There are 2 protein chains.
Amino acid sequence: MSKSTSDPYEKLTEISTRIHNYSSVLSLLHWDQETYMPSGGISPRSCQIAQMSQLIHEEKTSREFKSSLEKLVHLSTGKPKKKGLSKIEEANVREWRKNFIKATKLPSSFVRTFSQLTSEASQIWAAAKKANNFKLFAPFLEKIIAMNRKKADILGFGEHPYDALLESYEPCMTTARVGKIFDALQNELKHLIKKIASAHPTDDAFLMREVEDVKQLTLGRLIVSKLPIDPAYSRLDVSMHPFSIALHPHDSRITTRILPKAFMSNIFSVLHEAGHSLYEMGLPVQHWGTPLGESVSLSIHESQSRWWETLIGRSLPFCKFFYPLLQKELPGMNKIPLDRFYRAINQVKPSFIRVEADEVTYCLHVILRFEIEKLLISGKLPVSDLPEAWNEKMKEFFGIVPKTDAQGCLQDIHWSLGDFGYFPTYALGNLFSAQFFSAFQKKHLDWEKRVEAGDFIFIRNWLKDNIYRYGKMYDSDQLAKKATGKPLSEAAYCSYLKKKYSDIYRLKN
Amino acid sequence: MSKSTSDPYEKLTEISTRIHNYSSVLSLLHWDQETYMPSGGISPRSCQIAQMSQLIHEEKTSREFKSSLEKLVHLSTGKPKKKGLSKIEEANVREWRKNFIKATKLPSSFVRTFSQLTSEASQIWAAAKKANNFKLFAPFLEKIIAMNRKKADILGFGEHPYDALLESYEPCMTTARVGKIFDALQNELKHLIKKIASAHPTDDAFLMREVEDVKQLTLGRLIVSKLPIDPAYSRLDVSMHPFSIALHPHDSRITTRILPKAFMSNIFSVLHEAGHSLYEMGLPVQHWGTPLGESVSLSIHESQSRWWETLIGRSLPFCKFFYPLLQKELPGMNKIPLDRFYRAINQVKPSFIRVEADEVTYCLHVILRFEIEKLLISGKLPVSDLPEAWNEKMKEFFGIVPKTDAQGCLQDIHWSLGDFGYFPTYALGNLFSAQFFSAFQKKHLDWEKRVEAGDFIFIRNWLKDNIYRYGKMYDSDQLAKKATGKPLSEAAYCSYLKKKYSDIYRLKN
């Protein structure tokens, strides 16, 4: 279908678009697997996914791609060879070069071994978690850590091998910088948690009422219908774990999870995934197929999901808008006044499980993992000592110790998938979102009134103007400076939490 | 992922399996488009489909495929070069050679032009049908016919250019042979229709009651649950047009269409598509990825769908089993006795639309198209005269004339897609199914009692033993002889119809 071109930029655009098309197909394979695929389809599906992944890897590392790239830029230094490229073209070439180096740096034998190991390890992890048997998983985790250390060596790093791993998820960050931000954040959070612990506790028992699946899906769709989401470009389904997946800005899908006795979990999942989805739908469609049409990084993506889930979704103005609708759908809720509802959905309580944590404790869960990951990767913490180290940190951070490893160091799937360096992006996403939000608030002093009235379009427009429309033009640091005037820090998030929770728990300063 | 091999048979198996994996992915893209894709996804979806199709074409025509094939067989003559291949290997090589010739015979410029033309033409056809304006579609149809004639010239043919087109859908058939069978069939059908027309008409007004979507889907799922279908390997969804699509024998999906005032249409769609799906699920999974794991031809596939839809689904024993279940689901139906229901669902009545035709008139619709296609391809009938020719044939065959071309020569999408030579497989499928059924009945004299009791597994097993398990080992002619002892003829179908409808309409001999 494609006619060959001799212009290297056009050639790269052509290959890049092909890669994006294949990636969209791969996304559909994953989406289908989690939503509608008959269970018997799993084994052929693995073959389909493996084959599409290989195809994408071949395209990313092809001689054709390399030779076109080399006509525009020095691969080793990044210095341009061709002058007169536009800013947009320059940014695409910069990202194509990064992608090519990333895709070719790890030998394909390493990639294959790693993929086989983690494919097996994630199954073993599931069994180990179910049986609460850490020893079952330990030998796999040891191998995964060894391979991650090797990966760091191949990729290269400055001070700490963890730098290399972190950088593959958030290119702007180093271990030292994240450590500094997390240390400051940790102190503030611990202080706040202590104050909340001595305050009068809120009651959220009425949120545990049983709500049937059909009604919960109705609530999910209701939320989506109120957000500035074009129904022609999106859909909501149910899956085991909520996720967002975009095949294209015009085909961006989310799922939610339905827990019969936790209907607010469904609501917040929808808001979270809708945040990811709004970002994907807002990316510049005219650049689709090239890096300029992509999101910045995992942290920035997470800032978008947390924005809608927490900064908006757990805010008082949003409750004022949404709670009356909820009361109509759930008979009996009209006995619960708004204030009680708002305090209940914002209850702060140390807990074992990261994904169920409230806004205040959430980042501590992440910091715990960051500290443990550094120790594991540097070899200072042997895998056999992990459960003990985990429990000690839990005691130090939250004053509670999980009774089982399933509730402790076995709770997340990430390590079994080989993802070391991923966790920090969850906390960074919160910090970015709060910093963006403080700039947004300055621009829209009346945001609370407008949200209360169900107006969300001006929020989407602010995000479009300040985040979405740039695609991958800037890295996360540059974007933060552009949107907020400052480099990333914990300050905005901490002052947001202090203000909000001092009010909810009536804390004295 | 795949290690290279020097054995040409292994190499072909590897490429063939890759092609099948890509084809499964392509199937999912189509399935998703018809079921759950947000409407905005259509434009990116077209790109994804075009790219996957191109990829498959490249694999099918690759130098690697050709050179491996040439080590095993003379491409021009089909004579084997390598001795000692098993029967299975021989059959695969035979089919790989056929596929390669088919994929390379048409120049890619021809394929591209044809695909662009039909892509546009099918949109124009939809508009022309809606506006009942044949002239809008006529210039496109002219081009499509010219290209089909060119296609026949490139592919080569014996007596009639139509041979080449027919052969690409049913490799065993020639225009002359189909013509002979259809002539005999035509006479018998006309005779039977005349007799039925003078008999006392049946009443089916009670089948037009309105049944809501949710209930209809429940009925569809009920039917599927009674058939020997493993729920782990299948699923049922709703789409605009019913279809069946198999990604693999363990992931075989069907859809149904819901018309509020024709609930039996939904039931028969489910049975029809389930028949296709049972065939796909029954193909030898150990040969998946090679031709031996594929179905024989379109005609044989259609024989399987019509088997479950008509021979079983419209039979009295099936009604005895299913009607009580239906009565439970649809209040008010218990006023209608079984016999009236059975006669109503088997009402014979000349009609304009092929897809809504009963068992007796159905094949005449197909024969009408076959005769017209021959005339169009040979150039004896100019496109401008098509509507008139169509209406004359309608009068001759059914004694009725459509009031509009939308109800006449514009009713089917096939020609706009360039599919000339496809229609005959619909009628051939009916003939194959009846011939298979007569062999099945001889083996299972008690089939009626068992079906009445809801036992269908023995039927699936007979089909497995006589059809499914061979995959593409035999062509449709060989398969018919193996399963029934005779080459294909209209005899079994005609005697089946005469017996069944003489009873329903109490005809005298």
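Computation of the quantities below employed the complete heavy-atom set of this structure, encompassing side-chain atoms and omitting hydrogens, waters and symmetry-equivalent molecules. Protein chains get the first letters and strands the later ones, always in sequence-line order, with residue 1 at the start of each. Please read all numbers here as calculations on a predicted model, not as lab measurements.
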Subject >> Residue, of B:V25, B:L26, B:T35, that accumulates the most heavy atom pairs under 4.5 Å with chain A >> reply: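 Looking at each option in turn, the highest pair count goes to B:V25.
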Subject >> A:M52, part contacting chain B, at a heavy-atom distance under 4.5 Å >> reply: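 The side chain, not the backbone.
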**OP:** Against chain B, label A:W31 side chain, backbone, both or neither, depending on which of its atoms sit under 4.5 Å from a heavy atom there.
**Re:**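 Only the side chain of A:W31 comes within 4.5 Å of chain B.
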**OP:** Mind checking ring-ring contact (aromatic ring centres under 6.0 Å, His included) for B:W308 and listing every partner two or more places apart, or none if nothing turns up?
**Re:**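 Partners of B:W308 under the ring-ring contact (aromatic ring centres under 6.0 Å, His included) test: none.
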Working to the nearest 0.5 angstrom, can you tell me the gap between [X] [atom1] and [Y] [atom2]?
| X | Y | atom1 | atom2 | result |
| --- | --- | --- | --- | --- |
| A:C47 | B:H20 | SG | NE2 | 13.0 Å |
| A:Q51 | B:I19 | CD | CD1 | 9.5 Å |
| A:I49 | B:N21 | CD1 | CG | 11.0 Å |

Original post:
Listed by residue number, which members of residues 232-254 of chain A have a heavy atom under 4.5 Å from any heavy atom of chain B?
Top reply: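 Only A:A232, A:Y233, A:S234, A:R235, A:L247, A:H248, A:H250, A:D251, A:R253 of residues 232-254 of chain A have a heavy atom under 4.5 Å from chain B.
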Original post:
Is the shortest heavy-atom distance from the side chain of B:D32 to the side chain of A:L28 under 4.5 Å?
Top reply: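 The answer is yes, as the side chains (C-beta and beyond) meet within the 4.5 Å cut-off.
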**OP:** Would you indicate whether the side-chain heavy atoms of B:Y22 and A:L55 approach each other to under 4.5 Å?
**Re:**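 A:L55 vs B:Y22: side chains touch.
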Is it the case that atom [atom1] in [X] sees more than 12 heavy atoms from other parts of the structure closer than 6.0 Å?
| X | atom1 | result |
| --- | --- | --- |
| A:K464 | NZ | no |
| A:K215 | NZ | yes |
| B:I457 | CD1 | no |

